[in-house]
Amino acid sequence: MRVISVEPLQCSNGWETWTFVRAATDDGRVGYGECSDWQMPRGLAGAVRDLAVEVVGRDPRQVAALTDDMAARMRQNVGGLARKALAGIEAALWDLKGQALGAPIVELLGGPTRERIRVYWSHCGSYRARHAEVLGTPPLDSWDALAALGREAARRGYTALKTNPLRPGDPAYFARPPDGNLERGDLAVIVRQIETLRAAAGPDVDICLDLNFRYRPAAVIQIARALEPCELFWLEYDSYDPQALAHVRRSIRTPLCSGENLTAVHDYARFFQAGAMDVAMVDVAWNGIAQSLHVAELAKAHEVQVAPHNYYSHVSTWMCAHVAAAVSNLRIMEIDVDAAPWRDALVSAVPRIEHGWMIPAWTPGLGTQLDEDVLHAHPPPIT
Ligand SMILES: [Mg+2]
């Protein structure tokens, strides 16, 4: 069994680009992975082609050895697009290995530790505020629309949701403070937003707020304290400084989630040693399946839980599901509920979600194939 080709495949998610890896073998198998990156899809496709030379002509079942060789090739370009490309290829190798052995990837990782995976409705409101037309959803043009969305999440059985700071409207308002400062008006918007969702979704739905890199630590602390009555499931905040995050974490009572932009145990180790987070967001499509497990194990050694970062297609959802099912320190898994109408048609196996839980029906390899006709019918917005 030899790999005869490794190539990037790209299509539109409605406004950005989904990036996949397709690896074919000389015995007629095709394996898929995903490594989507919104900002640099052309560079990412090039990185996949650059790393493919380490894999073509070799046995895809040697996942670890091939991953080591790809890692050696990107030694002068650690992290970033190179790591994402490696992760996409590595997932396709796991897919091929699983198919060849007739085993789901999760079985190759030690077998599932759970039969179902709790998921949260991510970008709840954030996508409708920007892309309602593409999504085919009601717009988020008023506070009433936000309340209706909170009720919808509860009615559809979700036990958790995540949103980003926004004020509903036409257009909706997203604070983008260039200096990371928190203005009084923006804090008032955030409090009203979370209070509205809390009241509408009810007391049984957990709420997360993702600030990304938007604010400086003092502002994050101010937001966390203002939202204490809403009892957030977690406050999410990204920073490349472990000490800054640790300061935030020590200063607030709300669990702190971070780490989606980190890659590989070398990155995470500094943050775990600093006590920088309660929950580590781990992007499987950017780290790779094996590396995500290593990060999860390191997190466990520091009493930290992990939450797969998954705002992509369902190829990524399946990659995350294998990892989420294999680990024993899972907090919850991300999934976008609002998505382009063709997202389901892209995959042969649409994840089964019931009452806010993903119930995987494991099949050999990744467990899904890409429908490349659907993919080609939706070319990427940037070519
Ligand atoms: Mg995030």
Side-chain angles (χ1 to χ4, degrees), residues 13 15-16 18 34-40 79-80 83-84 87 118-131 153 158 160-166 174-177 180 182 190 193-194 197 206-217 219-221 223-224 227 232-242 244-245 248-249 252 254-264 267-268 271-272 276-287 292 295-296 299 304-313 316-317 319-320 323-324 330-339:
N13 82 335
W15 56 92
E16 300 287 359
W18 279 320
E34 179 168 2
C35 51
S36 297
D37 174 85
W38 291 168
Q39 280 77 33
M40 304 182 76
R83 182 78 222 179
K84 294 173 184 181
R118 189 180 175 203
V119 296
Y120 65 90
W121 181 331
S122 195
H123 301 100
C124 190
S126 324
Y127 283 171
R128 290 188 185 190
R130 290 191 176 101
H131 310 293
Y158 285 89
L161 62 84
K162 186 168 90 182
T163 193
N164 308 90
L166 64 87
F174 291 84
R176 292 277 174 207
L182 176 65
I190 290 172
Q193 178 191 2
I194 301 305
L197 284 170
D206 285 312
I207 297 175
C208 308
L209 177 66
D210 189 355
L211 302 175
N212 303 99
F213 285 95
R214 235 178 227 99
Y215 297 108
R216 299 280 78 79
V220 177
I221 292 166
I223 292 168
L227 292 175
L232 288 179
F233 187 72
W234 74 47
L235 183 66
E236 189 169 337
Y237 171 52
D238 301 316
S239 166
Y240 287 120
D241 182 0
L245 272 176
V248 171
R249 185 189 182 201
I252 66 178
T254 306
L256 185 66
C257 175
S258 190
E260 70 181 50
N261 309 95
L262 307 180
T263 49
D267 267 358
Y268 282 93
F271 287 79
F272 294 160
M277 59 188 78
D278 297 282
V279 180
M281 189 65 73
V282 182
D283 193 307
V284 180
W286 293 347
N287 274 278
S292 297
V295 170
V304 171
Q305 290 172 301
V306 294
H309 183 234
N310 172 46
Y311 71 129
Y312 315 112
S313 88
S316 165
T317 299
M319 289 162 60
C320 290
V323 170
L330 178 73
R331 186 67 177 111
I332 195 168
M333 184 176 122
E334 180 172 26
I335 196 164
D336 281 333
V337 176
D338 292 332

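Whatever order the structure lists them in is the order used to number ligands and atoms, beginning at 1.
- Around the Mg ion (ligand 1), protein N, O or S atoms at a distance under 2.8 Å total 3; waters are neither shown nor counted.
- For Trp121, the side chain to side chain donor-acceptor pair (under 3.5 Å) test picks out no residue, with sequence neighbours left out.
- Counting heavy atoms from C-beta on, the side chains of Tyr268 and Val282 come closer than 4.5 Å.
- Judged as a side chain to side chain donor-acceptor pair (under 3.5 Å), and not counting sequence neighbours, Asn287 has no contacts.
- Although no hydrogens or angles enter the test, the distance criterion places a donor-acceptor pair under 3.5 Å between the side chain of Tyr237 and the main chain of Tyr215.
- Residues passing the side chain to side chain donor-acceptor pair (under 3.5 Å) test with Arg118, sequence neighbours excluded: Thr159, Asp206.
- Between atom OG of residue Ser292 and atom CE of residue Met319 there is a gap of 7.5 Å, rounded to the nearest 0.5 Å.
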